[in-house]
Student: 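Please find one structure pasted underneath; my questions will follow.
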Amino acid sequence: MKKVMLTSATLLLVSSAPGAWAHTDHDHDEAPAQIKLELKGGKTGATVYAKSAGKSYATAGATGVLTIMTGNTKTDVALQPGVDNTMIAKTAVPLAAGTRAQASITFADKNTVKAELVAK
């Protein structure tokens, strides 16, 4: 019985606290874009594609690093903006499908995305 009373009292206190209610009169910034990344391997390296809401997300002015994981080895490769929504990583060896990598990209609008990817 004491637990029920204590729980009821706690809920009453929390629900009546002045900061507990949301106010609709505040201006809110738009939520940052949800950017999705996709990794594709190739003979001369890798290409990371950026999309937001199903549309291409511009990479002009973006910077980034692709960490390629092969077995126990991790290799960092710089990502450079490519055409439209691509970031290009030049590697010494081809990037095979199934290779795991981590991408960290900061776009020109200051949105930052970090993702674990598997090459297609």
Student: Pick out which of V48, T47, L79 makes a side chain to side chain contact (heavy atoms under 4.5 Å, CB included) with T86.
Tutor: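 Answer to the side chain to side chain contact (heavy atoms under 4.5 Å, CB included) test with T86 among V48, T47, L79: T47.
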Student: Kindly compute the distance separating NZ (K40) from CG (L95), expressed to the nearest 0.5 Å.
Tutor: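 Between K40 NZ and L95 CG, I get 13.0 Å after rounding to 0.5 Å.
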Student: Which pair of heavy atoms, one from G41 and one from A119, lies closest together, and at what distance?
Tutor: N-CB, 4.2 Å
Student: The criterion is ring-ring contact (aromatic ring centres under 6.0 Å, His included); which residues satisfy it with Y49, sequence neighbours excluded?
Tutor: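 Here no residue qualifies.
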Student: Any idea which heavy atoms bring A101 and I68 closest together, and the distance?
Tutor: CB-CA, 4.2 Å
Student: Where is the tightest heavy-atom contact between L39 and A46, given as atom of each residue plus distance?
Tutor: CD1-CB, 3.7 Å
Student: Run through N111, L37, D84 and flag the one making a side chain to side chain contact (heavy atoms under 4.5 Å, CB included) with Y57.
Tutor: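 Considering N111, L37, D84, a side chain to side chain contact (heavy atoms under 4.5 Å, CB included) with Y57 is found only for N111.
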Student: Can you list everything that forms a salt bridge (Lys or Arg N to Asp or Glu O under 4.0 Å) with K120? Sequence neighbours excluded, please.
Tutor: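 Per chain and number, K120 pairs via salt bridge (Lys or Arg N to Asp or Glu O under 4.0 Å) with E38.
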Student: Which heavy-atom pair separates T59 from P81 by the least distance, and what is that distance?
Tutor: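 Closest approach of T59 to P81: O-CB, 3.4 Å.
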Student: Looking at D76, V77, I105, which hits side chain to side chain contact (heavy atoms under 4.5 Å, CB included) with V65?
Tutor: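 Passing option: D76.
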Student: Working to the nearest 0.5 angstrom, can you tell me the gap between K36 NZ and S52 OG?
Tutor: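 K36 NZ to S52 OG: 9.0 Å, rounded to 0.5 Å.
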Student: Which heavy-atom pair separates A58 from F107 by the least distance, and what is that distance?
Tutor: O-CD2, 3.6 Å
Student: Please list all pairs meeting side chain to side chain donor-acceptor pair (under 3.5 Å) that have one or both residues in residues 98-107, counting only residues at least two apart or in different chains.
Tutor: T106-T112
Student: Are I88 and I35 co-members of a hydrophobic cluster defined by side-chain heavy atoms under 4.5 Å apart?
Tutor: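 No, it is not one cluster - the side chains of I35 and I88 are not joined through contacts under 4.5 Å.
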